[in-house]
Amino acid sequence: MAFDIYDFTSLTSSIHEGLATFLPPVGVLIAEWLLVGISVLLFVAVFGLILVYLERKVCALFQQRLGPMRVGKWGLLQTIADFIKLLMKELITPNKADKFLYNLAPFIVIIVTFMAIAAIPFAKGLQAIDFDIGVLYVSSVSSLGVIGVLLAGWSSNNKYSLIGAMRSGAQIISYELSVGMSLITMIILAGSMQISEIIQAQSTGWFIFTGHIPAVIAFIVFLIAGTAETNRGPFDLAEAESELTAGFHTEYSGIKFAFFFLAEYVNLFIVSAMATVLFLGGWMPFHVGSLDGFNAVMDFIPPIFWFFGKVMFVIFLIMWFKWTFPRLRIDQILTLEWKYLLPVNLLNILLMTLIVLMGWHF
Amino acid sequence: MTTTTLDFDTIKTQEYLVNMGPQHPSTHGVLRLVLKLEGEIVHNVDPVVGYIHSGIEKMCESLTYPQIPHLTDRMDYLSAHMNNEAVALCVENALQIEVPDRVKVIRTIMDELQRLASHQLWWCVMGMDMGALTTFFYGLRDRELILDIFEETCGARLTLNYSTPGGVMFDIHPNFQKRVKDFVKYFRAKLPEYNQLLSGNVIFRERTIGIGYLSKEDAIAWGVTGPSGRASGFACDVRKHHPYSAYDRVSFNEILRTEGDTYARYQARVDEMAESLDIIEQLIDNIPQGDHQVKMKGVIKLPEGEYYQRVETARGELGVFIVSDGKKNPYRVKFRSPGFSNLAALNHMSKGAKIADLVAIMSTLDLVIPDIDR
Amino acid sequence: MNQTELADYIGILFPEAGITLGSQFPTIEIPSEKLIALCLKMRDDVNLTFDYLFCLSALDLSDHMSVVYHLESTKHGHCAVIKSHTSNRENPVIDSVNDIWPTAGFHEREAFDLLGIRFNNHPDLRRLFLDDSWGFPLRKDYTDPARIVER
């Protein structure tokens, strides 16, 4: 099996050929589906746990404490222990809840995140499916998550859950616009919606550097809107614990709660991955003009590390927001979106179009 | 083809009831609020208290005067020393005992340390209620140092039981002065951090300025005292207007603001922390020599009559009203607790606010539920 | 105004009030039917302006219930105590001062809860701490079969 950490196409094609030797074409397809499915599942589970651990450590860093330290070395096994605990907990369904929708909601939320991960490019050739409308696909699929949140809030038959779900609905649908707009800004620059092409277009320089001011503005707007989309602080008022105890997932326990919890972190990853793809060059190494020696050193670092390094950087930024800012109020959140971010975004698109038309970008 | 049109006159929103509490993260204990909401907007708040009513007033009727202060710790546990002191002062005034200067100064220093500890805890919880979870650990980090001083002084960290009728329970520890001075120096440097983290934050300011307005007249009429009242311009600092212990010999400012909103109440408490540091600094080097206790009779009997003592706790004005019939037990004890009156004004202040505002308003009233329930 | 001036001033306005000077506050004893008139006068008279009711306590004095109002004027800085009592101990009734000082509302609910004093014209007279099956624990004849409080 050919394995090249710089280009995963050799690995995937060798797996494909290996399967084709003893399976009919339909069997190959099914086997590959299974393989991708299992890898995504494993990735979500493991990376979710890592993110939870990371969040606790980052949070501890901001709060001048150590964070988990007891389970395993530096508390490394803490999240695994927590996960086992959640698995073993009793699943409680309120008597007056709409049983079907109540049980359906966490699955919708988690399935949506799985679907979005399919289009994320982890490294060269390591992408489950490379749509020619990849950006559109990710942004439309990730906005489906709000249905799960609304269902959870509605079917729990709890007023706190309902308020939380309504807040979440208003918030996610509003911020979807800003996310979409800043994506469009970058699509104008890239000239393609295919994720692999967008990354390829950044081989000479990441968009945040080559796209002038509009790219920086779009990046900031995307970070704000992305944070809001993932329901994280300072936009966490869907689950605002000091107001609504736990918002839309108040009534959930055990593994169903864990699904919401996991989905939040995977969404965080998806938003960061999209920011990485569109603004920070995806898995492209950092290159400076004609400094060939420097560029060669950068090229030596495998793309998968570049990708995760950048994703972690964005994730750290978003965690930083969460642990420093107080929460906004519902009307302020909507004001921020409709009165500030959206007009800024529309102007930004115009500006970007102008720059692309006049060829002012690098 | 028929088109259905929505008739907006027939679509009505409905008021609904939400029980906030008794187990709720931001009611700080077992307070229950019955909210009448329309969407996010609060129409009416009906506080339901009594979940931890402990009958302290009734119990006091069967206790002797030296025993009573030990119960008062459990009322407003964040102002434990002020509660002790209120009863002690009331009994001393009734018996017309003059306690030594040393006792007065020690009590004042302990009062201010207690006030600082209480305000620190309030500050970190305020941040948490607003969604800024990090503040919690900054406040607790500094509060821990005060609790350590308390522990060294009297062995307890929360329920101090330090002031008794006739003086204080123990003399101060030899390290006391040094540790308090170290703390004042340390905390003076840390106080700007509090402002940097919350006061200047644009989201925090947006959330608090203009929210939960309480006019001066309303503050007086509703009896909202303490920093909450002073933020509305109600000059109600008992330390200034009816000085007790050593407050008549220190100079400090009564923090008065005129805005009367949530931010003013917040700022009043933060400013008060600096004033407390000033008071401690003025006294800590001048603790007079002398006894820490007046020799009291074995059985204290108050002359027949009614005695009232007011002190300023971290939350506002605490009143102790003792009616004595000349026996060793009081005939009736009434505690006028600051949280009780402040809570009564909550409905008035939060009408028309949003749920998130209600949490912020409640947070700036700094409610401690055992103080309300007694 | 100091205590004697206060006593003289109020004594002229309300001759039926019994005024005693104490070590702390002057005490004005007033029959319950005159209570509201006195309270209104105390609050609205420009020389008195007792606008701040800082304590409202109720006592069981074995043949009647007494209600004690501690007042302060934030304008003039003087304090006074009003005392009034109900005629009937078993079914005590007195007028509410909730309309004069809104802070009284909660204190009166507490007095109703713990001593069973009914306040006329109180907008929301419900029990505050205890539920309806309790007696009135601060009454002197209260017995607690569970012996929560020992005497």
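Chain identifiers are assigned alphabetically (A, B, ...) following the order of the sequence lines, protein sequences preceding nucleic acid strands; residue numbering begins at 1 within each chain.
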Test of understanding: with side-chain hydrogen bond (donor to acceptor under 3.5 Å, both in side chains), list the residues that count as partners of C:E29, not counting sequence neighbours.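 Here no residue qualifies.
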Measure the shortest side-chain to side-chain distance between [X] and [Y] over non-hydrogen atoms and say whether it is less than 4.5 angstrom.
X      : Y      : result
C:R109 : B:V49  : no
C:P102 : B:H348 : no
C:L138 : B:E61  : yes
B:H53  : C:D113 : no
C:R126 : B:D46  : yes
C:L114 : B:E57  : yes

When you look at [atom1] of [X], are more than 12 heavy atoms from neighbouring residues, nucleotides or ligands closer to it than 6.0 Å?
X      : atom1 : answer
C:R118 : CZ    : no
B:K240 : NZ    : yes
C:E90  : CD    : yes

Using heavy-atom distances under 4.5 Å, tell me whether [X] contacts chain B through its side chain, its backbone, both, or neither.
X      : value
C:S57  : both
C:L130 : side chain
C:V81  : neither

Quick one: pull up [atom1] in [X] and [atom2] in [Y] and give me the separation to the nearest 0.5 Å.
X      : Y      : atom1 : atom2 : result
B:R310 : C:H70  : CZ    : NE2   : 9.0 Å
B:C236 : C:E72  : SG    : CD    : 9.5 Å
C:D60  : B:R332 : CG    : CZ    : 9.5 Å

Counting heavy-atom pairs under 4.5 Å with chain C, the top scorer among B:A221, B:G223, B:G50 is B:A221
Shorter than 4.5 Å, heavy atoms on both sides: which option in B:W222, B:F335, B:Y307 has the most such pairs with chain C? B:W222
How would you list, in number order, the residues of residues 314-325 of chain B that have a heavy atom less than 4.5 Å from chain C? B:E317, B:F321, B:V323
Listed by residue number, which members of residues 366-374 of chain B have a heavy atom under 4.5 Å from any heavy atom of chain C? B:I372, B:D373, B:R374
Quick one: closest heavy-atom pair of [X] and [Y], and the distance?
X      : Y      : result
B:F234 : C:T74  : CE1-CG2, 3.2 Å
C:R139 : B:K58  : O-NZ, 3.8 Å
C:C55  : B:Y308 : CB-OH, 3.3 Å

By the ring-ring contact (aromatic ring centres under 6.0 Å, His included) test, which pairs, at least two apart or in different chains, include something from residues 83-113 of chain C? B:F340-C:F106, B:F340-C:H107, C:H64-C:H85
Using a 3.5 Å distance criterion without hydrogens, assess whether the side chain of B:K334 forms a donor-acceptor pair with backbone atoms of C:A58.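 Not a single qualifying donor-acceptor pair exists.
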Contacting region of B:A344 [heavy-atom separation from chain C under 4.5 Å]: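 Backbone plus side chain of B:A344, per the 4.5 Å heavy-atom cut-off to chain C.
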